[in-house]
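Both counts, for ligands and for their atoms, begin at 1 and track the order of listing.
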Amino acid sequence: MNVFIRFAKKIMDNKTFMMIKPDAVERGLIGKILADIIDAGFQIIELKMVKLSLNEAKRFYKVHKDRPFFNDLTAYMSRSTIVAAVLLKENAVNDFRKLIGSTDPSDAEEGTIRKKYAISKGENSVHGSDSNENAEIESNFHFS
Ligand code: DAT
Ligand code: MG
C-alpha cells in the first residue's frame, strides 16, 4: 500500500470524537469523566465547553431525525453546556465505545462511564463516535 495512504489510515484509526452531555456537566462530573478517559490511555488533542442551539443539536444528530426520541434528544442536548473533545489512541473509536459502555446504562458493563454516571438511556452522560468516518465528521462539526 502507498505509504501516504497507510499513514492516513493510521491517523484515522487513532482518532475519535466525544462529548460530555448536559446531565453530566450539570452534576459536576466533567473532571471525573475526563480523568477516566485519560486513565484509559486517551490523549486529549481538542477540548472545549459549548452550548448547542436546538438547531445545532438537530444538525449533529440528523441521522436520528426519524426516530421517536429525536425531539427529546435534541431538546436535552441543547438545554445546557456540553464538553466536546477529540481524542487520540490506537483503535480510538472501538476502545472509547468500550470505555463508555452500552447506550442504556442498565445494560452497560460494570466500570464503564455510562454504568458509573448515566441517569437513563436518554440522559447517558457521554457520546462517542461509532466509526472512523463519523469521528471525522463530528470532529469537524465542533472544531473547524
Ligand atoms: P449511542 O449514543 O450509544 O451511539 P445511538 O447513536 O443509538 O446511541 O443514539 C444516540 C443517542 O440518542 C443516545 O446516546 C441516547 C439517545 N437514544 C437512543 N435510543 C434511545 C431510546 N430508545 N430512547 C431514548 N433515547 C435514546
Ligand atoms: Mg451513536
What is the ring orientation for Phe69 with His64, classed by angle as parallel under 30°, tilted 30 to 60°, or perpendicular over 60°? tilted

Quick one: ligand 1 N/O to protein N/O pairs below 3.5 Å?
from, atom 1, to, atom 2, distance (Å)
ligand 1, 2 (O), Arg114, NH2, 3.0
ligand 1, 3 (O), Arg97, NH2, 3.4
ligand 1, 3 (O), Thr103, OG1, 2.6
ligand 1, 3 (O), Arg114, NH1, 3.1
ligand 1, 4 (O), Arg97, NH1, 2.8
ligand 1, 4 (O), Arg97, NH2, 3.2
ligand 1, 6 (O), His64, NE2, 3.2
ligand 1, 8 (O), Thr103, OG1, 3.4
ligand 1, 14 (O), Lys21, NZ, 3.0
ligand 1, 14 (O), Asn124, ND2, 2.9

Pi-cation contact, Phe143 with Lys48 (under 6.0 Å, within 45°): yes

May I ask you to say whether Asp23 pairs ionically with Arg27, meaning some side-chain N is under 4.0 Å from a carboxylate O? yes

Say whether Asp104 and Ser106, considering side chains only, have a donor N or O and an acceptor N or O under 3.5 Å apart. yes

Which word best sums up how the rings of Phe17 and His127 line up, parallel for under 30°, tilted for 30 to 60°, or perpendicular for over 60°? tilted

Tell me whether the NZ or CZ atom of Lys89 lies within the 45° cone about the ring axis of Phe42 and under 6.0 Å from its centre. yes

